[in-house]
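Presented below is the structure to which this report refers.
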Amino acid sequence: MRIAYHRRQHSNWIAINPCRYLREAQAVWPSTDRREPIMIRPVLSFTALSIALSAAAPSVTAAQPLDLAGRISASRIAVISDGDFSAQTYATGRLSPRESGFRDMLTVLSIADGKVVKGTIAVSNSVTAAPEILQLTKDGQTAFVTERLGEREAAGDTVKDLPPGRHLFAVDLSDGATPRLADTAEIAAFPEALSVSPDGRRVAVVSNTPEASLVQIIGYADGRFGPVARFDLADLGISGSAATPRGGVTATNVHWHPGGRFIAVNINTQNRVAFFAVGEENGAPRLRPWGNIVNVGADPFVGRFTPDGRHYLTSN
């Protein structure tokens, strides 16, 4: 399960993974004044917030009183749930029983006047990815979701039977009670994470195919995706020599700088974070290295720029 919510006071979105604990974070200075990024000391430690929602709850849309609504500084909460995986799937490799009727879902809770309105829509997603597969635009009107593994097909009842995920979804939330699929883009297989630009007009996605780790930039305007621009990390100076797929390079996180001109990419298998400038050439996105690649602690799975853009925080 992945959760995102809108904080009324600051008008930004925060993604939370209730199944993973962030033990320690490290800060990276990403060269806003032309200095090279450097890693500085660990800066914080906390336990992740968990919000429990029933995956089997009926998809009935209704206005209901919510005792905690007045205490939550959010106007909308969005949750994705993977209907193919049960609690035992990681241990047994077997998917949820077909007779359960579970589906991959996006659930939206819109909070106003102490009440919550619930809306649901079937959207393919996968719990096997990093926590960063769900994000909403700042205005709360669109949710973007991607799938590391696709939904179960007609045959097959194990994780190995699931097809590679290849889609990025845009969901229109203008009516919170009835979310609507606005558009779908086909991207490289096994997408791991996404990030929405501050202006909501571009989505960055990292995928790890058997052959390459890719950064993809997809434009989004008027409810429609534009062409998918793909960049091989090996062509951008991120390579490895390990006797494993992609030379041991696996990208698990991408995040836009608040200024909208840069992105950070976590290479957790190499304990590094790379920064790239996002530009345009002949009407198409262009990516080039920004500053140096920074070595950090072990397994930097996810990360975030600070709101002022002066630091980049990554988990250890």
Are any non-hydrogen side-chain atoms of [X] and [Y] less than 4.5 angstrom apart?
| X | Y | answer |
| --- | --- | --- |
| V278 | R261 | no |
| R272 | V296 | no |
| L287 | V215 | yes |
| L136 | T142 | no |
| P198 | K138 | yes |
| D104 | I80 | no |
| F144 | L134 | no |
| I121 | M105 | no |

Using modelled atom types only, decide if a donor and an acceptor are shared between the side chain of [X] and the backbone of [Y] within a distance under 3.5 Å.
| X | Y | value |
| --- | --- | --- |
| T92 | Q88 | yes |
| T269 | T250 | yes |
| T314 | G303 | no |
| R180 | S174 | no |
| N266 | V273 | no |
| R286 | G279 | no |
| H257 | F305 | no |
| Q270 | N295 | no |
| T120 | T107 | no |
| T244 | G247 | no |

Does one hydrophobic cluster hold both [X] and [Y], with members joined at side-chain heavy-atom distances below 4.5 Å?
| X | Y | value |
| --- | --- | --- |
| V205 | I263 | no |
| I217 | V196 | no |
| V265 | I218 | no |
| I187 | L236 | no |

Start with the C-alpha gap between E280 and R202, add the side-chain angles, then the distance that decides, and say whether salt bridge (charged side-chain N to carboxylate O under 4.0 Å, His left out) holds.
CA-CA 12 Å; E280 190 172 292; R202 290 174 293 179; over 6 Å; no
Closest contact, heavy atoms only, [X] versus [Y]:
| X | Y | result |
| --- | --- | --- |
| P210 | P245 | O-CB, 3.8 Å |
| S96 | T89 | N-OG1, 4.5 Å |
| T137 | G200 | CG2-CA, 4.2 Å |
| S100 | P97 | OG-O, 2.7 Å |
| F102 | G83 | CB-O, 3.4 Å |
| A264 | Y312 | CB-CE1, 3.4 Å |

Mind checking the [atom1]-[atom2] spacing from [X] to [Y]? Nearest 0.5 Å is all I need.
| X | Y | atom1 | atom2 | result |
| --- | --- | --- | --- | --- |
| H311 | D308 | NE2 | CG | 7.5 Å |
| F262 | H255 | CZ | NE2 | 15.0 Å |
| T128 | Y90 | OG1 | OH | 5.5 Å |
| S124 | D84 | OG | CG | 7.5 Å |

Does one side chain, of [X] or [Y], offer a donor that lies under 3.5 Å from an acceptor on the other?
| X | Y | value |
| --- | --- | --- |
| Y220 | D199 | no |
| N208 | S213 | yes |
| T146 | N125 | no |

Only pairs under 3.5 Å count here: list side-chain donor-acceptor contacts from residues 160-170, not counting sequence neighbours, and write none if there are none.
| unit_1 | atom_1 | unit_2 | atom_2 | d |
| --- | --- | --- | --- | --- |
| D161 | OD2 | D157 | N | 3.0 |
| D161 | OD2 | T158 | N | 3.0 |
| D161 | OD2 | T158 | OG1 | 2.9 |
| H167 | ND1 | E147 | OE2 | 2.8 |

Might you work through the side chain to side chain contact (heavy atoms under 4.5 Å, CB included) test for R103 and E151, ending with a clear yes or no?
CA-CA 8 Å; R103 293 285 309 278; E151 283 191 286; 3.4 Å; yes
Are the charged groups of E281 and R288 less than 4.0 angstrom apart, N to O?
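Here E281 does not pair with R288 in a salt bridge, since their nearest N and O are not under 4.0 Å apart.
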Quick one: do R246 and E211 make a salt bridge, cutoff under 4.0 Å?
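Salt bridge flag = no for E211 with R246.
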Step-by-step side chain to side chain contact (heavy atoms under 4.5 Å, CB included) determination, E192 to S207
CA-CA 5 Å; E192 193 76 33; S207 291; over 6 Å; no
Donor-acceptor contacts under 3.5 Å from residues 221-235 side chains, at least two apart:
| unit_1 | atom_1 | unit_2 | atom_2 | d |
| --- | --- | --- | --- | --- |
| R224 | NH1 | A182 | O | 2.8 |
| D232 | OD1 | A234 | N | 2.9 |

Tell me, with the steps shown, if L109 and V117 meet side chain to side chain contact (heavy atoms under 4.5 Å, CB included).
CA-CA 6 Å; L109 305 178; V117 174; over 6 Å; no
Audit row: V79, L106, side chain to side chain contact (heavy atoms under 4.5 Å, CB included) steps and yes/no:
CA-CA 6 Å; V79 182; L106 169 67; over 6 Å; no
Ring pair (Phe, Tyr, Trp, His ring centres under 6.0 Å) evaluation trace for W290 with F276:
CA-CA 5 Å; W290 179 47; F276 301 99; 9.8 Å; no
